[in-house]
Participant: 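Questions regarding the structure given below will be posed in turn.
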Amino acid sequence: MNRREFVRRVSAGSAALAGPAVLSGLAGCAGPSRAGAPRPNVVLIFADDLGFSDIGCYGGELLTPNLDALGMGGLRFTNFINAARCCPSRACILTGLYPHQAGVGGMMNDRGVPGYRGDLGRDCVTLGEVLRDAGYGTYATGKWHVTRFIEADGPKHNWPLQRGFDRYFGTITGAGSYFEPQTLTLDNDPVDDPGEGFYYTDAIGDYSVQFIEDHLDRTPTAPFFLYQSFTAPHWPLHATEEDIALAQGRFDAGWDRLRLERHELMLAAGIVDPRWTLPEREAEAPPWDEARNRDWHLRRMEVYAAQVESMDRAVGRLVETLRRRGVLDDTLILFLSDNGGCAEEINTQGWYDYILRGGERVSRESTLDGRPIQVGNDPSVMPGPDDTYQSYGLPWANLSNTPFRLYKALTHTGGVATPLIAHWPAGISAAGDLRDQPGHLIDIMPTLVELAGAAYPTEYAGESIQPMEGVSLVPAFANDRPLDRDAIYVEHEGSRAVMDGTWKAVARGSTGPWELYDTQLDRTETQDLAARQPGELARLAAMWEDWANRARVFPRPG
């Protein structure tokens, strides 16, 4: 894909991108304005560890025709923020609260203080609960990851069916094999052996289609809400050999050249501002020309691409189902990622202990047929098969997050920037437009509450409920007025950020100093203005402290 082709795609819309099945549903999808549109069905699609620029309609080389068709047939948001890591982001998007308020400020363990219980609180409600009470059929597929209680014979008070969903298929834990996932569950029952030929991303797609088909057969006049939460492309690097073969050769130019090419495409499309300097390659990443084991590095990125592209096909099957059943025009589809690209290298004893014996049960020590799983980023072992367990590493994460700095778990923009696609022919008249309004995962709840005509409760199941934190994105759909929002805040494992207007204060780790950036001129965070604007920095730091005290970031564990 060169610049000329990309610009042609952006100007021509989805027709240049979509396969035949998707084209039949998306052709001419610019519809009426939202005025008079009935409350929509909702499909909320969450990718896992996907970088800001990976998919095609955001500049990447990955072949994602179905997602591209949705983006070019609807809206692409360019300034949307997540919560920096998978489980906090999932707690956030499900509840409309900052993750610490929902009890998931860290990972899935109970650290003894309210913001870090590793389990959704009872003083919040989920999208499933709110939309089911509004008359929606509610369905969830894929990764759950908002409770530390993952055993089938243990407490299930925070499993999907107990938090507002009518049907569920997926994994309760946070990561694991794509061929033999642990904690695989149908409704409340374990699926111990998924069978030969199983691939988790495909199964998420299949059950999503089945749940929607069943809903439309049983209750064709009732709206539905589907929360489709993929593990792709989170490690381990697992894909079929057929899919890996389709990606071979596509990344041979290496991470340096591909990053420059992505940046050029994003500039041409208007996704990034020419005033933003492209940062230097992350210091920990070698120049591609000096990288050792380049065949292994290429294989890692090829498997990663295969994971994303299988997810795209699953999305395409769902879109085709909606088209075939005549409900695509009346369905709001949202697609986004839980954090930036993941730089984690699985090559230490600590990683082995976590993966093989950690409390979240993310891998077995051997496959179900007895072959030992080779855990760790060993260049002598090519990733992809079910008996490997690897990640794609920092240099490729740097590419995934083009043009931003840093990566997952950090609050610099590379860690928290997500694509957001919004497609709804009956309610969004634009096709292929960009939106640069700042937004955050906390905005999904108020958006869906408004569109569904739902009532967000002050009390639920005998518990007082915290108010929503975000604002509705509906004004951004028509782009007819600004979002009336407060500042946006992020905290994860000590890294922290506050975004207010065009200003962003950010710090890396609990001991890192505050940095200050004017995001209108420098969203890529290359010119730290902390020394030149001490008053502005002090104002933002004080705002963050006030928020952190209110939002249960404090007290910290220990």
Participant: With the side chain counted from C-beta on, respond yes when I81 and M499 share a heavy-atom pair under 4.5 Å apart, and no when they do not.
Facilitator: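 Touching, per the 4.5 Å side-chain cut-off.
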Participant: Using only heavy-atom distances, determine whether the side chains of E320 and N66 contain a donor-acceptor pair under 3.5 Å.
Facilitator: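 Their side chains do not contain a donor-acceptor pair, so the 3.5 Å distance test is not met.
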Participant: Check this for me: D217, atom CG, are more than 12 non-hydrogen atoms of other residues, nucleotides or ligands nearer than 6.0 Å?
Facilitator: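 Result for CG/D217: enclosed.
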Participant: Between P223 and P40, which heavy-atom pair has the shortest distance, and what is it?
Facilitator: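 Taking P223 first and P40 second, the nearest heavy atoms are CB-O, 4.3 Å.
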Participant: Ignoring hydrogens and geometry beyond distance, is a side-chain donor-acceptor pair present between N41 and T331 at under 3.5 Å?
Facilitator: yes
Participant: Would you check, one step at a time, whether the test side-chain hydrogen bond (donor to acceptor under 3.5 Å, both in side chains) holds for E525 with T413?
Facilitator: CA-CA 8 Å; E525 301 169 340; T413 308; 2.8 Å; yes
Participant: Hey, is R39 close enough to D330 for a salt bridge, meaning N to O under 4.0 Å?
Facilitator: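 No, no charged N to carboxylate O under 4.0 Å.
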Participant: Is there a ring-ring contact (aromatic ring centres under 6.0 Å, His included) between H412 and F404 once you walk through the steps?
Facilitator: CA-CA 8 Å; H412 286 72; F404 302 124; over 10 Å; no
Participant: Enter the distance from N79:CG to T519:OG1 here, rounded to the nearest 0.5 Å.
Facilitator: 6.5 Å
Participant: If you look only at pairs with a residue in residues 197-207, which of them pass as a salt bridge (Lys or Arg N to Asp or Glu O under 4.0 Å), with sequence neighbours excluded?
Facilitator: D206-R317
Participant: Starting at OH of Y207, measure out to OH of Y168 and round the result to the nearest 0.5 Å.
Facilitator: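 If we round to the nearest 0.5 Å, Y207:OH and Y168:OH are 12.0 Å apart.
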Participant: In terms of ring plane angle, is the pair F52 and Y58 parallel, tilted or perpendicular, where the classes change at 30° and 60°?
Facilitator: perpendicular
Participant: Can D49 and R85 be counted as an ion pair, charged N to O under 4.0 angstrom?
Facilitator: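 Result for this pair is no, no salt bridge flagged.
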Participant: Run the side chain to side chain contact (heavy atoms under 4.5 Å, CB included) test against Q520 and tell me which residues pass, sequence neighbours left out.
Facilitator: R275, T502, D518
Participant: For Y178 and S310, does a side-chain donor sit closer than 3.5 Å to a side-chain acceptor?
Facilitator: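 Side-chain D/A pair, Y178 to S310: absent.
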Participant: With rounding to the nearest 0.5 Å, note down the distance linking OG1 in T447 to CD1 in I444.
Facilitator: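 It is 5.5 Å, given to the nearest 0.5 Å.
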Participant: Would you please test T78 and R435 for side-chain hydrogen bond (donor to acceptor under 3.5 Å, both in side chains) and show each step?
Facilitator: CA-CA 6 Å; T78 62; R435 295 287 186 264; over 6 Å; no
Participant: Does a sphere of radius 6.0 Å around CG in D187 hold more than 12 heavy atoms from other residues, nucleotides or ligands, not counting ones at 6.0 Å or beyond?
Facilitator: yes
Participant: Do the ring centers of F165 and W159 come within less than 6.0 Å of each other?
Facilitator: no
Participant: Any ion pair linking D166 and R132 (charged N to carboxylate O, less than 4.0 Å)?
Facilitator: yes
Participant: Check side chain to side chain contact (heavy atoms under 4.5 Å, CB included) between R552 and all other residues, then give those that pass, not counting sequence neighbours.
Facilitator: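 R552: side chain to side chain contact (heavy atoms under 4.5 Å, CB included) contacts with H100, P114, D123, Q466.
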Participant: I need the minimum non-hydrogen distance between C87 and H145, along with the two atoms involved.
Facilitator: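 Closest heavy-atom pair between C87 and H145: CB-O, 3.3 Å.
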Participant: Name the one of Y392, W396, W235 that satisfies ring pair (Phe, Tyr, Trp, His ring centres under 6.0 Å) with Y304?
Facilitator: Y392
Participant: Using a strict threshold of under 4.0 Å (side-chain N to carboxylate O), is an ion pair present between R523 and D273?
Facilitator: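 R523 and D273: not salt-bridged.
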Participant: Restricting to side chain to side chain contact (heavy atoms under 4.5 Å, CB included), what partner residues turn up for A247, sequence neighbours left out?
Facilitator: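 Side chain to side chain contact (heavy atoms under 4.5 Å, CB included) check on A247 returns R250, F251, E302, A305.
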Participant: Report yes if the distance between the aromatic ring centroids of Y136 and F224 is under 6.0 Å, otherwise no.
Facilitator: no
Participant: Quick check: do L336 and L420 have side-chain heavy atoms less than 4.5 Å from each other?
Facilitator: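 They are in contact (side-chain heavy atoms under 4.5 Å apart), so the answer is yes.
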Participant: Hydrogens and angles aside, do T64 and E309 bring a side-chain donor and acceptor to less than 3.5 Å of each other?
Facilitator: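 No.
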Participant: Evaluate ring-ring contact (aromatic ring centres under 6.0 Å, His included) for H215 paired with Y139, printing each intermediate quantity in order.
Facilitator: CA-CA 9 Å; H215 172 92; Y139 310 96; 5.6 Å; yes
Participant: Measure the spacing between CZ of R324 and OG1 of T321 and express it to the nearest 0.5 Å.
Facilitator: 5.0 Å
Participant: Show, in sequence, the C-alpha distance, side-chain angles and deciding distance for F169 and T185, and conclude whether the side-chain contact (heavy atoms from CB on, under 4.5 Å) test is met.
Facilitator: CA-CA 6 Å; F169 170 82; T185 300; over 6 Å; no
Participant: Side chains of S472 and E450 only: does a donor on one sit below 3.5 Å from an acceptor on the other?
Facilitator: yes
Participant: Does the side-chain contact (heavy atoms from CB on, under 4.5 Å) test come out yes or no for I212 and V327, once each step is laid out?
Facilitator: CA-CA 11 Å; I212 297 309; V327 296; 5.6 Å; no
Participant: Could you tell me whether a side-chain N or O of S89 sits under 3.5 Å from a main-chain N or O of D338, the two making a donor and an acceptor?
Facilitator: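 It does hold such a pair.
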Participant: Apply the test ring-ring contact (aromatic ring centres under 6.0 Å, His included) to residues F179 and Y199: give CA-CA distance (whole Å), side-chain angles for both, the deciding distance (0.1 Å), then the verdict.
Facilitator: CA-CA 5 Å; F179 299 103; Y199 186 69; 5.5 Å; yes
Participant: Under 3.5 Å, is there a donor on one side chain and an acceptor on the other for Q228 and T141?
Facilitator: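 No, T141 and Q228 have no side-chain donor paired with an acceptor closer than 3.5 Å.
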Participant: Before you tell me yes or no, could you show the steps for L332 and L334 under side-chain contact (heavy atoms from CB on, under 4.5 Å), namely the whole-Å CA-CA distance, both residues' side-chain angles and the distance that decides it to 0.1 Å?
Facilitator: CA-CA 7 Å; L332 170 63; L334 298 172; 4.0 Å; yes
Participant: Is the closest basic N to carboxylate O distance between R262 and D54 below 4.0 Å?
Facilitator: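 Answer for the salt bridge query: yes.
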Participant: Quick one: does any side-chain atom of R76 pair with a main-chain N or O of G432 as donor and acceptor, under 3.5 Å?
Facilitator: yes
Participant: Quick one, C57 and I421 - any side-chain contact, counting heavy atoms below 4.5 Å?
Facilitator: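 C57 reaches I421 side chain to side chain.
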Participant: Report the relative orientation of the aromatic rings in F225 and Y227; use parallel for angles under 30°, tilted for 30 to 60°, perpendicular for over 60°.
Facilitator: parallel
Participant: Decide whether D119 and T147 meet the rule of one side-chain donor and one side-chain acceptor closer than 3.5 Å.
Facilitator: yes
Participant: Taking atom types as modelled, is there a side-chain donor on T524 or R405 under 3.5 Å from an acceptor on the other?
Facilitator: no
Participant: Between L44 and F335, does the side-chain contact (heavy atoms from CB on, under 4.5 Å) criterion hold? Intermediate values first, please.
Facilitator: CA-CA 6 Å; L44 177 59; F335 171 85; over 6 Å; no
Participant: I would like to know whether R313 and D243 meet salt bridge (charged side-chain N to carboxylate O under 4.0 Å, His left out); could you show each step before the answer?
Facilitator: CA-CA 11 Å; R313 289 197 304 273; D243 283 348; 2.7 Å; yes
Participant: Is any side-chain N of the basic residue among E264 and R259 closer than 4.0 Å to the acidic one's carboxylate O?
Facilitator: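 Between R259 and E264 there is no salt bridge, as every charged N stays at least 4.0 Å from the carboxylate O atoms.
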Participant: Please list all pairs passing the salt bridge (Lys or Arg N to Asp or Glu O under 4.0 Å) test where one or both residues lie in residues 469-479, with sequence neighbours left out.
Facilitator: E469-R550
Participant: Kindly say whether G340 contributes a backbone atom to a donor-acceptor pair with the side chain of N401 at under 3.5 angstrom?
Facilitator: no
Participant: Would you give the length of the straight line joining atom CD of E61 to atom CG of L265, rounded to the nearest 0.5 angstrom?
Facilitator: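 One gets 8.5 Å once the value is rounded to the nearest 0.5 Å.
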Participant: What residues form a side chain to side chain contact (heavy atoms under 4.5 Å, CB included) with T183, not counting sequence neighbours?
Facilitator: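 Counting only residues at least two positions away or on another chain, T183 forms a side chain to side chain contact (heavy atoms under 4.5 Å, CB included) with I150, T171, I172, T173, R361.
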Participant: Do K143 and P181 have side chains that approach each other closer than 4.5 Å (heavy atoms only, starting at C-beta)?
Facilitator: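 When only atoms from C-beta onward are counted, P181 and K143 do not touch, as no gap falls below 4.5 Å.
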